[in-house]
*Asks:* 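The structure is given below, and queries will be raised subsequently.
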Amino acid sequence: MPARPSFPSLLAPLRLGAHTLRNRTLMGSMHTGIERLDRSTERLSAFYAERARGGAGLMVTGGFAMNEAAKLDEHGPILVSEAEADALRPIPQAVHAAGGKILLQVLHTGRYGKTPALVGASNIPSPINRRVPRPLETAEVWQTIDDYARCAELAMRAGFDGVEIMGSEGYFLNQFAALRCNNRTDEFGGSVENRHRVAVEAVRRTRERLGPAALIMYRISALDLVEGGAPADEVIALARSVEAAGADVINTGFGWHEARIPTIAYMVPRAAFRFAAARIKQALKIPLILSNRINTPEVAEEIIASGDADMVSMARPFLADAAFVNKAAAGRPDAINTCIACNQACLDFIFTSQPTSCLVNPRAGRELEFDEMPPSRGRRRVAVVGAGAAGLACAVTAAQRGHAVELFEAGGEIGGQLNLARAVPGKEEFNEMLRYFRAGVADGGVAVRLNRRPAADELARGDYDHVVVATGVRPRVPDIPGLDHPKVIGYADLLAGRRKAGRRVAVIGAGGIGFDVAEYLLHEESEPAQHNGHAAIGEVGGFFREWGVSTSAEAPGGLAQPVAPRPLRTVTLLQRKPEKPGRTLGLSTGWALRARLEQRGLQTLSGCTYERIDDAGLHLRIKGELQLLEVDTVVVCAGQESENALAAQLRDLGVAPVVIGGADLAAELDALRAIDQGTRLAMTF
C-alpha cells in the first residue's frame with residue numbers, strides 16, 4: 001500500500017502571542033451576507049463551528065464596522081455597543097466548543113462604502129464608487145483610531161480570541177497609506193511615517209486596551225496592484241511599525257478592489273503572489289500569513305516548508321470543504337472538495353445581495369438548512385442516469401447517506417460537460433472537482449456503469465426506489481444554411497479535441513461557452529512569452545507578463561507594463577442580440593476574462609443575422625448590411641437543449657423519475673444549479 005501523503009509543516013502547531021494554534025491554517029475573512037438574514041447569529045455559529053470541527057487552526061469573521069461611517073453599506077455589520085457584543089457571543093462559544101479559535105475583523109471601508117456619509121483620507125473617489133468621500137478632520141481621524149480599539153474591546157467582551165485589523169484591499173487604512181488617495185497635509189499625510197500613523201496607532205491603542213492575552217492580527221496590503229500604490233520598502237516599513245506597535249501576526253492581502261489585475265479568480269495561478277509576502281517575512285520577527293489562491297494541502301505544505309510564510313490563509317477553500325484540514329491530516333487529500341476559484345456562489349452572490357455559499361458545496365452557509373432536512377429513511381436502491389455535475393452530486397451524496405447507488409454514464413468517463421470545461425485554459429481547477437467526485441464515488445461504493453445508456457424498460461424492471469434522470473444537454477443546432485459544411489465545428493467536438501480549428505475562426509454565440517471557446521482558441525501563442533527580456537518561466541511568469549505585475553521591490557504598487565501575447569489565431573465572437581457581448585458572465589470574473597481576450601485580439605460583433613456558410617466563409621447581416629467573414633472555421637455555440645427523452649419514456653411505463661441538472665433546464669452550462677439540485681435531491685432520499 002502506498003504511503004499516505006504527509007503535511008508536517010502545515011499541521012504543525014504555531015505560537016501567536018499568548019495563543020497556540022493547532023496547525024498553520026487560517027480561514028480568512030470574507031463577507032458572508034448571512035448577517036442580514038433571520039437567525040443570522042445562529043447561522044453564523046453553525047457556519048464557523050462546522051469549520052472548527054473540520055480542523056481550521058484559526059478563523060476570522062467578516063468585517064465589522066467600528067462606527068457608522070465605517071460601514072460597508074446601510075445594513076453592513078457593526079459593533080459599537082455592549083448589546084451588540086452580547087448578541088455575538090454564541091459565535092465564539094460555538095467555535096470554542098468545536099475546538100477552534102476565532103477573531104473578529106475590525107473593518108473601515110473608507111471610500112469604498114455605499115453609505116450617504118462617506119468619509120476617507122481625502123476627497124479622491126474610488127473608480128468603483130461614484131460617491132465622493134468627505135475628508136476626515138484631524139480630530140476625527142484620532143477618534144476613528146480610538147473606535148478601532150473600542151470595537152476590539154467589544155469583540156473580547158463577546159468572547160472572541162482577538163481581532164484582525166483590516167488594512168488591505170484598498171480599505172480605509174490602506175487608503176491612508178498610499179499616495180494614490182492621500183493628499184493630506186496634516187500629521188496623517190505626506191511622509192511615509194505620517195501616512196502609516198493611522199494603522200500603527202490603531203494597533204498600538206488596541207494592544208493597550210486589550211492587554212497581552214488578546215490575539216491581534218494586522219492584514220497588510222503586500223502588493224497594491226494599482227498606480228500610486230506603495231513600493232516594497234514602504235510595505236515593509238509599515239509591517240515593522242505594526243509589529244513594534246503590538247501585532248502578533250501579519251496577514252497579507254493582494255490587490256485593491258479597484259485593481260485591474262485579478263487576484264483570486266480561476267485564471268490566477270496558485271499562490272502567485274507569494275514573492276511579495278516572502279520579502280515581508282524576511283523583515284519580521286513575528287509570523288506572517290500568505291493568502292490568495294492556495295487551495296490544496298500540497299501547495300500549502302510547500303509554501304510553509306519553503307519558509308516563505310509561517311501560515312496560509314484559505315477563505316473560500318473552507319467554503320468548499322469545511323473538513324479540509326481533517327482530511328489532509330488523515331492522509332486523504334483526494335477526498336477534499338477543492339475550491340475551483342469560480343466565485344459564482346461566493347463573491348457573485350455577495351455582489352447581488354445574496355448570502356454566500358459555494359458552487360462545489362451547496363451546504364456552505366446553509367448548514368442549518370441542510371441539518372433540518374429529513375433523515376434517511378433506511379437504505380434505498382437509487383439509479384442515477386448521467387454522470388455530469390448533477391448526477392455526480394446526487395450519486396455521491398446519496399451514497400454518503402448510506403444508499404445503494406448505481407450510476408449510469410453513456411460516455412467512457414464520468415464528468416459530462418465538466419470534461420469540456422476543464423479543457424479551457426485557466427479552468428484547470430475543474431480537474432480537482434472531477435478528482436473529488438471520483439474519490440466520492442469510490443468511497444461511497446457507487447456502482448459506476450460506463451458506456452451504458454440504460455433503456456427505460458431496463459430501469460423499470462430494476463426495482464429501484466428512486467430513478468434520477470441527469471442526462472444533461474445536447475448542443476442546440478441553429479437554422480443556418482450550410483451548417484453541414486466541413487468548416488463548421490460544434491463546441492463539444494472542439495473542446496473534446498475531436499476537431500481542430502483553423503487560423504481564422506468565427507464563433508457563433510457569445511454566452512459563457514462562446515467566451516470559453518474564444519479563450520481556448522486564443523491561448524496558443526505564435527512565439528515564446530517574453531518578460532522583462534527573459535523567457536517567462538511557468539504559468540506564474542506568463543500571468544505576470546500578460547497582466548503587468550512586477551516582482552521588483554522598486555515598482556510602486558507592483559506594476560509593470562503588460563506584454564500583449566501574440567495568438568496564432570484571429571477570432572471573431574458573434575451574437576444575435578444587439579447588446580455588448582459578455583453581459584451574462586460572472587460579476588467578479590467576467591471583467592478579467594473580457595480584458596484578457598481583448599488583449600489577445602478578440603473581435604466581437606453584435607446584432608448579427610446569419611445568412612449562410614460556404615467555401616468563402618460566414619455570410620451575415622449587421623443592421624441590414626450584408627457582410628462576409630472570410631474564415632477557415634465556424635464554431636457553433638448556440639446554446640443547449642435538454643436531453644430528457646428518457647424521463648418521458650419512464651413515465652409511460654409507470655415510473656416516476658426525478659429530472660435534474662441540464663436535463664431539467666438547459667440554461668447555459670450551470671454547474672452551480674446542477675450540483676445544488678443533485679445534492680438537495682439526495683438529501684431527501
*Asks:* Before giving the answer on side chain to side chain donor-acceptor pair (under 3.5 Å), spell out for T41 and R89 the whole-Å C-alpha distance, their side-chain angles and the decisive distance to 0.1 Å.
*Replies:* CA-CA 9 Å; T41 301; R89 281 184 175 174; over 6 Å; no
*Asks:* With no hydrogens and no angle check, just 3.5 Å: does a side-chain donor-acceptor pair link D224 and S221?
*Replies:*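 On atom types as modelled, these side chains qualify, holding a pair under 3.5 Å.
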*Asks:* Can a donor-acceptor pair be found between the side chains of R270 and N295 at a distance below 3.5 Å?
*Replies:*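 N295 and R270 do have a side-chain donor-acceptor pair below 3.5 Å.
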*Asks:* So does K114 have more than 12 non-hydrogen atoms from other groups sitting under 6.0 Å from NZ?
*Replies:*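 Yes, enclosed.
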*Asks:* Side-chain contact, heavy-atom cut-off 4.5 Å: L79 with L104?
*Replies:*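 Heavy-atom side-chain distance check passes, below 4.5 Å.
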*Asks:* Indicate yes or no for a side-chain donor-acceptor contact from R207 to the backbone of A214 under 3.5 Å, with no hydrogens or angles considered.
*Replies:*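 Checking the backbone N and O of A214 against the side chain of R207, a donor-acceptor pair under 3.5 Å is found.
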*Asks:* Kindly compute the distance separating CZ (F318) from SG (C339), expressed to the nearest 0.5 Å.
*Replies:*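 One gets 11.5 Å once the value is rounded to the nearest 0.5 Å.
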*Asks:* Using modelled atom types only, decide if a donor and an acceptor are shared between the side chain of D248 and the backbone of L16 within a distance under 3.5 Å.
*Replies:*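 Such a contact is absent between D248 side chain and L16 backbone.
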*Asks:* Taking salt bridge (Lys or Arg N to Asp or Glu O under 4.0 Å) as the test, write out the residues that go with E84, two or more places apart.
*Replies:*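 Per chain and number, E84 pairs via salt bridge (Lys or Arg N to Asp or Glu O under 4.0 Å) with no residue.
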*Asks:* Please confirm whether the backbone N or O of A94 pairs with a side-chain atom of S45, one donor and one acceptor, at under 3.5 Å?
*Replies:*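 No.
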*Asks:* Is there a donor-acceptor pair closer than 3.5 Å between any side-chain N or O of R401 and the backbone N or O of M683?
*Replies:*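 Answer holds: yes.
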*Asks:* With a 4.5 Å limit on heavy-atom distance, are the side chains of M217 and I250 in contact?
*Replies:*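 No, too far: nothing below the 4.5 Å cut-off.
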*Asks:* Are the side chains of F437 and V396 in touch, meaning some heavy atoms are under 4.5 Å apart?
*Replies:*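 Yes, close enough: below the 4.5 Å cut-off.
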*Asks:* Please enumerate all residues that pass ring-ring contact (aromatic ring centres under 6.0 Å, His included) together with Y218, with sequence neighbours excluded.
*Replies:*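 Expected list: none.
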*Asks:* Just verifying a value: how many Å separate N251 CG and I220 CD1, rounded to the nearest 0.5 Å?
*Replies:*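 So the gap between those two atoms works out to 10.5 Å.
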*Asks:* Ignoring hydrogens and angles, tell me if any N or O in the side chain of R583 forms a donor-acceptor pair with the backbone of K580 under 3.5 Å.
*Replies:*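 Side chain of R583 to backbone of K580: no pair is present.
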*Asks:* Can you name the one residue among R53, R39, R43, R51 that meets salt bridge (charged side-chain N to carboxylate O under 4.0 Å, His left out) with E367?
*Replies:*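 Answer after filtering R53, R39, R43, R51: R51.
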*Asks:* Got more than 12 heavy atoms from elsewhere within 6.0 Å of CZ, R36?
*Replies:*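 Counting other residues, nucleotides and ligands, CZ of R36 exceeds 12 neighbours.
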*Asks:* Does the distance from a Lys or Arg side-chain N to an Asp or Glu carboxylate O, for R332 and D334, drop under 4.0 Å?
*Replies:*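 So R332 pairs with D334 through a salt bridge.
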*Asks:* Would you call the rings of F172 and H108 parallel, tilted or perpendicular if under 30° counts as parallel and over 60° as perpendicular?
*Replies:*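 Answer is parallel, since the angle falls under 30°.
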*Asks:* Please report the closest heavy-atom contact between I294 and P317, naming both atoms and the distance.
*Replies:*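 The pair with the smallest heavy-atom distance is O-CG, 3.3 Å.
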*Asks:* Assess whether salt bridge (Lys or Arg N to Asp or Glu O under 4.0 Å) is satisfied between R680 and D676, documenting all intermediate values.
*Replies:* CA-CA 6 Å; R680 288 178 182 275; D676 182 84; 3.0 Å; yes
*Asks:* If you look at every heavy atom in R22 and A52, which pair is closest and at what distance?
*Replies:*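 Smallest heavy-atom distance, with atoms named: NH2-O, 2.6 Å.
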*Asks:* For K71 and E74: C-alpha separation, side-chain torsions, deciding distance, then whether salt bridge (Lys or Arg N to Asp or Glu O under 4.0 Å) applies.
*Replies:* CA-CA 7 Å; K71 291 166 65 174; E74 182 182 354; over 6 Å; no
*Asks:* Are a donor atom and an acceptor atom from the side chains of S126 and E258 found within less than 3.5 Å of each other?
*Replies:*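 A pair is found: one side chain offers a donor N or O, the other an acceptor, under 3.5 Å apart.
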*Asks:* Is the closest side-chain heavy-atom distance between T679 and R363 below 4.5 Å?
*Replies:*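 Not in contact.
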*Asks:* Knowing that exactly one of N23, V312, V299 qualifies, which makes a side chain to side chain contact (heavy atoms under 4.5 Å, CB included) with L10?
*Replies:*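 The single option meeting the side chain to side chain contact (heavy atoms under 4.5 Å, CB included) with L10 is V312.
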*Asks:* Taking all non-hydrogen atoms of both residues into account, name the closest pair between I145 and R205 and its distance.
*Replies:*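 Scanning both residues, the minimum pair turns out to be CG2-CD, 3.8 Å.
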*Asks:* Considering only NZ, NE, NH1 and NH2 on the basic side and carboxylate oxygens on the acidic side, decide whether E153 and R157 come within less than 4.0 Å.
*Replies:*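 Salt bridge: no.
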*Asks:* Are any side-chain N or O atoms of S357 and backbone N or O atoms of A364, one a donor and one an acceptor, separated by less than 3.5 Å?
*Replies:*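 Between the backbone of A364 and the side chain of S357 there is a qualifying donor-acceptor contact (under 3.5 Å).
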*Asks:* So does R111 get a backbone contact from the side chain of Q175, meaning a donor-acceptor N/O pair under 3.5 Å?
*Replies:*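 Flag set: sc Q175 to bb R111 pair under 3.5 Å.
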*Asks:* Are S376 and F685 side-chain neighbours, meaning at least one heavy-atom pair lies under 4.5 Å?
*Replies:*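 No - every pair of side-chain heavy atoms lies 4.5 Å or more apart.
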*Asks:* Taking the side chain as every heavy atom from C-beta outward, state whether Q640 and L665 have any pair of such atoms under 4.5 Å apart.
*Replies:*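 A side-chain contact is absent here, since even the closest heavy-atom pair is not under 4.5 Å.
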*Asks:* Is it true that a side-chain atom of R380 and a backbone atom of H403 form a donor plus acceptor pair closer than 3.5 Å?
*Replies:*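 A pair under 3.5 Å: no.
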*Asks:* Using a strict 4.0 Å threshold on nitrogen-to-oxygen distance, state whether D321 and R316 make a salt bridge.
*Replies:*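 Here D321 does not pair with R316 in a salt bridge, since their nearest N and O are not under 4.0 Å apart.
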*Asks:* Drop me the distance from N174's CG to M166's CE, to the nearest 0.5 angstrom.
*Replies:*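 CE of M166 is found 8.0 Å from CG of N174.
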*Asks:* Is it true that R422 and E432 have a side-chain N and a carboxylate O under 4.0 angstrom from each other?
*Replies:*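 No, no charged N to carboxylate O under 4.0 Å.
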*Asks:* Whether the N67 and D147 side chains hold a donor-acceptor pair (N or O, under 3.5 Å, no angle test) is what I'd like checked.
*Replies:*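 Distance-only check passes for N67 and D147.
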*Asks:* Could you tell me whether the side chain of S29 and the main chain of V60 form a donor-acceptor pair under 3.5 Å?
*Replies:*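 No, because the side chain of S29 does not come within donor-acceptor range (under 3.5 Å) of the backbone of V60.
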